[in-house]
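Sequence lines set the chain letters: A, B, ... in the order given, protein chains first and strands last, and positions in each chain run from 1.
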There are 2 protein chains.
Amino acid sequence: MIDNKYDMILDAASQVFAREGFHKAKISKIAEIAGIGAGTIYLYFKNKEAILEEIFLRSWSRIESKLLAMKKIKNMTPLQKIAEITGEIIELIFSNVSVAKILLYEYSFWNSNKKEKLSKTVENSQKLIEELISDGIKANIFRKDMNPKDATMFIIGGVWFWIASKSDDLLSYSKEELTDTLFHYIVYGLK
Amino acid sequence: MIDNKYDMILDAASQVFAREGFHKAKISKIAEIAGIGAGTIYLYFKNKEAILEEIFLRSWSRIESKLLAMKKIKNMTPLQKIAEITGEIIELIFSNVSVAKILLYEYSFWNSNKKEKLSKTVENSQKLIEELISDGIKANIFRKDMNPKDATMFIIGGVWFWIASKSDDLLSYSKEELTDTLFHYIVYGLK
DNA sequence: TATGTTAATGAATTATGGTTCAGTGTTCAT
DNA sequence: ATGAACACTGAACCATAATTCATTAACATA
């Protein structure tokens, strides 16, 4: 059980943002779900945007850490690493489905908002995926006629939308099953 | 040259929505760019949302038409059809980059908003893509271990993000080049 | 030209909901 | 038990910008 207000607010906000979208989400509703007064939120967050920012940051940090860990491991093929990271994404979703929806729907937020810390984390993660793909190309595992950055964006988008389309009934599948499915789309496309 | 107010408003709104995002876009700015009074907009559209809705509808209708046309053609492989549709998407972007950006950034709008006509068109398009993939599986051109709906969402997401990552310098590539690149990601993934 | 009809305007109105803050409750050391 | 320090509250405030509408312009008809 969440026992501190900061996390309670984040959790309530995740639910409301996921259901209503950031702009239609009301602070009063978030407060209600968190079981606190509306004003209390402002003791923990500068404003509504800051809540969203923190949600993004936490999720992306998790992905970034995993990518960083993979980078350090030497005796693993790019394919194995991708499988690992795919697993981490599925884990993230299982830990909070609402957050997965927000990451998708408010894509424009982290994309356009030039919040230092957040965009650094996102950019870093993208770079790390790019490197991973580059390695795969060099190792002759992936196609040569590929721009790593394009591929990265294509993959991120694919993963996101796929998650969103499942969203609610995502939890009725096993983690292993989902990880496997996702991995195949990333690596093999339609063929 | 656009000669009627309705289209002038749509065009101005596309620019402003693309630059500011739907929520930050001001009706007064749209009116200014269209060269008309703010109140005039309300003679042509019920409200701000209705403008966005119409922009979405026009774009998706175009994709839907293409998909419908492809469905009717018999002597074409699923692969060839996918290549055609990919080309149509690139055409759509080239015809109006602002609109492409809006489609991406305001994804949450058409997804959450249950506007009858719009969601019908979008759903229809998704179904048509699913069928196309099903055909490909039956014809042994695509992997058998694939759920067409999953694949569809993965592809749409991939295309979206890939477009977004390029967005502004998209026009510096040739249509053929872009179509080709996109087609390869869809069909072959990383391998 | 006079008159009716329709289109357009933009200042004023209004709805919304994020944010503030004066007041209330809680905690805890003395 | 007291009161200082801090946490919390939610009604009131306020900024923003969508929408309205009384007024004016443009145009058509006779």
Exercise for the section: Using a 4.5 Å cut-off on heavy atoms from C-beta on, say whether the side chain of Lys66(A) contacts that of Ile63(A). Expected result: no
Practice task
Look at the aromatic rings of Tyr6(A) and Phe45(A) and report parallel, tilted or perpendicular, splitting at 30° and 60°.
Solution key: parallel
Exercise for the section: For Arg19(B) and Ser98(B), test the side chains for any donor-to-acceptor distance below 3.5 angstrom and give the result as yes or no. Expected result: no
Practice task
Please determine if a side-chain N or O atom of Lys5(B) lies less than 4.0 Å away from the OP1 or OP2 oxygen of dA8(C).
Solution key: yes
Exercise for the section: Decide yes or no for Lys117(A) and Glu53(A): does some side-chain heavy atom of the first lie under 4.5 Å from some side-chain heavy atom of the second? Expected result: no
Exercise for the section: Look at the side chain of Gln80(B) and the backbone N and O of Thr77(B), then say whether any donor-acceptor pair between them is shorter than 3.5 Å. Expected result: yes
Practice task
Figure out the CZ/P separation between Phe45(A) and dT19(C), and round it to whole Å.
Solution key: 13 Å
Atom pairs under 3.5 Å: protein N/O with N/O of nucleotides 22-25 of chain C:
none

Practice task
List in numerical order all residues of residues 6-20 of chain B for which some heavy atom is under 4.0 Å away from an atom belonging to DNA chain C.
Solution key: none
Exercise for the section: Find which nucleotide of DNA chain C each of Thr40(A) and Phe22(A) is nearest to by heavy atoms, and output the residue with the more 5' nucleotide. Expected result: Phe22(A)
Problem - NZ/NE/NH1/NH2 to OD/OE distance under 4.0 Å, Lys29(A) and Glu32(A) - result: yes
Exercise for the section: Mind checking side-chain hydrogen bond (donor to acceptor under 3.5 Å, both in side chains) for Glu54(B) and listing every partner two or more places apart, or none if nothing turns up? Expected result: Arg58(B)
Exercise for the section: Find out whether the Lys NZ or Arg CZ of Lys5(B) is both under 6.0 angstrom from the six-membered ring centre of Tyr44(B) and within 45° of the ring's axis. Expected result: no
Practice task
Please report, rounded to the nearest Å, how far the P atom of dT9(C) is from the CG atom of Leu43(B).
Solution key: 9 Å
Practice task
Under 4.0 Å between any heavy atoms, over every strand shown, what does Ile36(B) touch: base, sugar-phosphate, or nothing? Just pick one.
Solution key: sugar-phosphate
Problem - Lys144(A) atom NZ: more than 12 heavy-atom contacts under 6.0 Å - result: yes
Exercise for the section: Name the nucleic acid region contacted by Tyr44(B), choosing base, sugar-phosphate or nothing; use a 4.0 angstrom heavy-atom cut-off, strictly under. Expected result: sugar-phosphate
Practice task
Check whether any side-chain heavy atom of Val159(A) sits under 4.5 Å from a side-chain heavy atom of Phe154(B), and report yes or no.
Solution key: yes
Problem - Covered region of DNA chain D, 5' end to 3' end, by chain A [heavy atoms, under 4.0 Å] - result: dC8(D) to dG10(D)
Problem - Ion pair check, Lys81(B) and Asp135(B), cut-off under 4.0 Å - result: no
Problem - Residues Glu49(B) and Lys24(A) bridged, charged N to O under 4.0 Å - result: yes
Completion exercise
Tyr42(B) OH to dT14(C) C1', in whole Å, measures 12 Å
Completion exercise
Separation of dT19(C) atom P from Lys46(A) atom NZ, nearest Å, is 9 Å
Exercise for the section: State which residues pass side-chain hydrogen bond (donor to acceptor under 3.5 Å, both in side chains) with Lys26(B); sequence neighbours excluded, sorted by chain then number. Expected result: none
Exercise for the section: For DNA chain C, determine which residues of residues 25-35 of chain A have any heavy atom closer than 4.0 angstrom to one of its atoms, and list them numerically. Expected result: Ala25(A), Lys26(A), Ile27(A)
